[in-house]
Novice: 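First the structure, which I've put down as structure tokens, then a few questions once you've had a look.
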Amino acid sequence: MEIRHATNPVEAKQYTTERLRQEYLIEDLFQPDQIKLVYTHHDRVIVGGAVPVKETLALEVPAELRTDYFLERREVGFIAIGGPTVITIDGEEHLLQHKDGLYVGKGAREVSLRSQDPSQPAKVYFVSTLAHQSYPTAKIALAEANPVHLGSLESSNERTIYQYIHADGVQSCQLMMGMTLLKPNNIWNTMPPHLHDRRMEVYLYFDMDEQARVFHLMGEPQETRHLVVKNEQAVISPSWSIHSGAGTSPYTFIWAMGGENYTFKDMDAVAMEDLK
């Protein structure tokens with residue numbers, strides 16, 4: 001498990017492109033027959049990727065957590081971004097099709113992932129937050145997620161936000177998670193931008209061609225920076241940073257949040273005239 005420490009906006013103003021990428025961009029989450037974990041001290045969130053091709057992969061506890069099992073004091077949300085995936089929780093199997101999600105609460109001891117059909121390998125993205133209360137395991141199909149329609153074609157940001165894990169849907173202790181799909185011929189997400197100082201967020205960009213890129217905007221509203229992001233790369237967004245992006249071609253992204261307040265609408269809008 002890779003460890004990344006928390007950063008602050010005063011220091012981030014001085015970061016080079018290389019340093020920005022080292023701190024906030026996760027480039028290689030998905031490796032065949034491996035589970036990759038990145039622990040960020042921003043709200044102690046763990047970001048993970050699993051690609052069970054030939055092997056069944058167990059979500060084992062890293063030594064750094066100092067617990068007996070991964071979900072002893074945590075919860076986790078999975079979303080399948082590859083082929084059909086079987087996730088087994090304490091002996092119970094859950095089949096996820098492409099873009100289905102699965103929430104697993106605090107206290108689940110044995111978690112494993114495998115491809116239903118190795119010729120269509122599974123690829124799973126997941127985010128874990130701290131938890132002090134246990135909630136039941138729940139599968140979320142894309143068709144069952146709560147859709148929120150935002151933006152317009154005229155502003156190039158018409159999109160649908162699908163809420164998977166949230167206060168009015170699948171319950172969790174503090175994790176909120178979902179997926180945003182842009183309509184055809186739209187490129188912008190989360191513009192105008194916003195902040196939510198009470199929780200951090202992670203974006204995973206995917207469904208992109210090899211040569212496509214998303215220019216992800218971050219930083220304080222008056223001190224913006226950007227990251228050039230490829231397919232299946234994730235961005236750690238601190239609570240003091242905006243998080244927005246524009247793509248060179250179609251893309252989808254998974255968002256996940258953890259922190260203090262448990263409400264999707266807890267955000268502070270940033271006016272366009274305040275962006276610099």
Side-chain angles (χ1 to χ4, degrees), residues 4 6-7 9 24 37-48 59 65 67 69-79 87 89 94 96 99-108 111 124-142 144-150 159-181 189-190 192-204 218 234-244 253-270:
R4 299 200 188 185
T7 58
Y24 305 115
L37 302 174
V38 176
Y39 181 112
T40 170
H41 280 272
H42 287 287
D43 287 306
R44 300 188 180 277
V45 164
I46 294 178
V47 183
L59 183 57
L65 293 188
T67 56
Y69 52 98
F70 189 88
L71 294 176
E72 182 176 335
R73 298 184 61 81
R74 289 186 162 272
E75 58 189 354
V76 64
F78 298 94
I79 294 182
I87 302 180
I89 311 297
H94 303 268
L96 273 61
K99 294 181 179 175
D100 285 350
L102 182 72
Y103 169 79
V104 184
K106 171 181 175 290
V111 179
V124 184
Y125 174 70
F126 58 95
V127 176
S128 171
T129 56
L130 297 177
H132 59 267
Q133 184 173 343
S134 181
Y135 288 87
T137 295
K139 177 183 172 181
I140 317 104
L142 177 63
E144 299 169 347
N146 180 51
V148 178
H149 304 287
L150 295 175
R159 62 202 188 276
T160 301
I161 298 173
Y162 291 93
Q163 298 171 327
Y164 286 47
I165 304 168
H166 62 112
D168 297 320
V170 170
Q171 298 290 293
S172 70
C173 183
Q174 68 158 309
L175 176 65
M176 285 183 280
M177 193 172 188
M179 183 184 302
T180 298
L181 278 70
N189 75 73
T190 325
H194 60 257
L195 299 168
H196 29 75
D197 196 47
R198 291 147 296 280
R199 60 178 185 259
M200 66 84 72
E201 189 161 1
V202 184
Y203 275 21
L204 174 80
M218 63 165 298
V235 178
I236 298 168
S237 180
S239 60
W240 47 264
S241 175
I242 65 168
H243 33 283
S244 178
F253 69 95
I254 296 170
W255 48 267
M257 296 179 278
E260 183 174 352
N261 288 357
Y262 188 63
T263 168
F264 183 82
K265 295 181 180 179
D266 177 20
M267 58 184 70
D268 303 310
V270 176

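Worth knowing before you read on, the calculation uses all heavy atoms, side chains too, and leaves out hydrogens, waters and symmetry mates. For the single chain, residues carry numbers from 1 onward in sequence order.
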Novice: Using atom types as modelled, flag every donor-acceptor pair under 3.5 Å from a side chain in residues 162-170 to any protein atom, sequence neighbours excluded.
Specialist:
{"residue": "Gln163", "atom": "OE1", "partner": "Asn146", "partner atom": "ND2", "Å": "2.7"}
{"residue": "Tyr164", "atom": "OH", "partner": "Lys99", "partner atom": "O", "Å": "2.6"}
{"residue": "His166", "atom": "ND1", "partner": "Asp168", "partner atom": "N", "Å": "3.4"}
{"residue": "His166", "atom": "NE2", "partner": "Gly169", "partner atom": "N", "Å": "3.4"}

Novice: Report the residues that fulfil salt bridge (charged side-chain N to carboxylate O under 4.0 Å, His left out) with Arg159, sequence neighbours left out, ordered by chain and then residue number.
Specialist: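 Per chain and number, Arg159 pairs via salt bridge (charged side-chain N to carboxylate O under 4.0 Å, His left out) with no residue.
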
Novice: Test of understanding: with side-chain hydrogen bond (donor to acceptor under 3.5 Å, both in side chains), list the residues that count as partners of Thr160, not counting sequence neighbours.
Specialist: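 Here the qualifying residues are His149.
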
Novice: Take Lys106 and Leu71, measure what side chain to side chain contact (heavy atoms under 4.5 Å, CB included) needs, and give me the verdict at the end.
Specialist: CA-CA 5 Å; Lys106 171 181 175 290; Leu71 294 176; 5.9 Å; no

Novice: Going by the rule salt bridge (charged side-chain N to carboxylate O under 4.0 Å, His left out), which residues pair with Asp268 if we only count those two or more places apart in sequence or in a different chain?
Specialist: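 Checked Asp268 against salt bridge (charged side-chain N to carboxylate O under 4.0 Å, His left out); matches are Arg198.
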
Novice: Hey, what do you get for OG (Ser237) to CE (Met257), rounding to the nearest 0.5 Å?
Specialist: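 Here the rounded value is 10.5 Å.
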
Novice: Look up atom OG1 in Thr190 and atom CE in Met267, then write down how far apart they are to the nearest 0.5 Å.
Specialist: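 Going from OG1 on Thr190 over to CE on Met267, the span is 8.5 Å.
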
Novice: Who pairs with Trp255 by ring pair (Phe, Tyr, Trp, His ring centres under 6.0 Å), at least two apart in sequence or on another chain?
Specialist: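 Partners of Trp255 by the ring pair (Phe, Tyr, Trp, His ring centres under 6.0 Å) criterion, ordered by chain and then number, come out as Phe264.
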
Novice: Glu75 side chain to Tyr103 main-chain N or O, any donor-acceptor pair under 3.5 Å?
Specialist: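 Checking the backbone N and O of Tyr103 against the side chain of Glu75, no donor-acceptor pair under 3.5 Å is found.
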
Novice: Check whether any side-chain heavy atom of Tyr125 lies under 4.5 Å from a side-chain heavy atom of Val202, and answer yes or no.
Specialist: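 They are in side-chain contact.
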
Novice: Counting only heavy atoms from other residues, nucleotides and ligands, does the tally under 6.0 Å from CZ of Arg73 exceed 12?
Specialist: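 Counting neighbours around CZ of Arg73, 12 or fewer heavy atoms of other residues, nucleotides or ligands fall under 6.0 Å, so no.
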
Novice: Hey, what do you get for CD1 (Ile254) to CG (Leu181), rounding to the nearest 0.5 Å?
Specialist: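 Ile254 CD1 to Leu181 CG: 9.5 Å, rounded to 0.5 Å.
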
Novice: Quick check: closest heavy atoms across Ala108 and Tyr69, and the distance to 0.1 Å?
Specialist: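 Looking at all heavy atoms of both residues, the shortest contact is O-CD1, 3.4 Å.
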
Novice: Would you say the side chain of Leu96 lies within less than 4.5 Å of the side chain of Ile87, judging by non-hydrogen atoms?
Specialist: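 Yes, side chains in contact.
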
Novice: How long is the gap from OG1 on Thr137 to CZ on Phe78, to the nearest 0.5 Å?
Specialist: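 Here the rounded value is 9.5 Å.
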
Novice: Please examine the side chains of Ile79 and Val124, heavy atoms only from C-beta on, and report whether any two atoms are closer than 4.5 Å.
Specialist: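 No, too far: nothing below the 4.5 Å cut-off.
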
Novice: Using the test side-chain contact (heavy atoms from CB on, under 4.5 Å), find all partners of Ile46 that sit at least two apart in sequence or belong to another chain.
Specialist: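 Checked Ile46 against side-chain contact (heavy atoms from CB on, under 4.5 Å); matches are Met1, Leu37, Tyr39, Leu65, Phe70, Arg74, Ser128.
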
Novice: What residues form a side-chain hydrogen bond (donor to acceptor under 3.5 Å, both in side chains) with Tyr24, not counting sequence neighbours?
Specialist: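 Counting only residues at least two positions away or on another chain, Tyr24 forms a side-chain hydrogen bond (donor to acceptor under 3.5 Å, both in side chains) with Thr7.
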
Novice: Might you point out which heavy atoms bring Val76 and Leu175 nearest each other, and give the distance in Å?
Specialist: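 Smallest heavy-atom distance, with atoms named: C-CD2, 3.8 Å.
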
Novice: So, using ring pair (Phe, Tyr, Trp, His ring centres under 6.0 Å) as the criterion, who are the partners of His243 when residues are at least two apart?
Specialist: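 His243: ring pair (Phe, Tyr, Trp, His ring centres under 6.0 Å) contacts with His194, His196, Tyr203.
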
Novice: Can you name the residues that form a side-chain contact (heavy atoms from CB on, under 4.5 Å) with Gln171, not counting sequence neighbours?
Specialist: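 Testing Gln171 for side-chain contact (heavy atoms from CB on, under 4.5 Å), a comparison that skips the adjacent residues, returns Tyr135.
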
Novice: Could you tell me the separation between the CG atom of Asp100 and the CG atom of Leu142, rounded to the nearest 0.5 Å?
Specialist: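 Atom-to-atom, Asp100:CG and Leu142:CG are 7.5 Å apart.
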
Novice: Who are the side-chain contact (heavy atoms from CB on, under 4.5 Å) partners of Thr40, not counting sequence neighbours?
Specialist: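 Expected list: His42, Val45, Met200, Ile236.
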
Novice: In Å, rounded to the nearest 0.5 Å, how long is the span from CG of Leu59 to CD1 of Ile89?
Specialist: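 Here the rounded value is 8.5 Å.
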
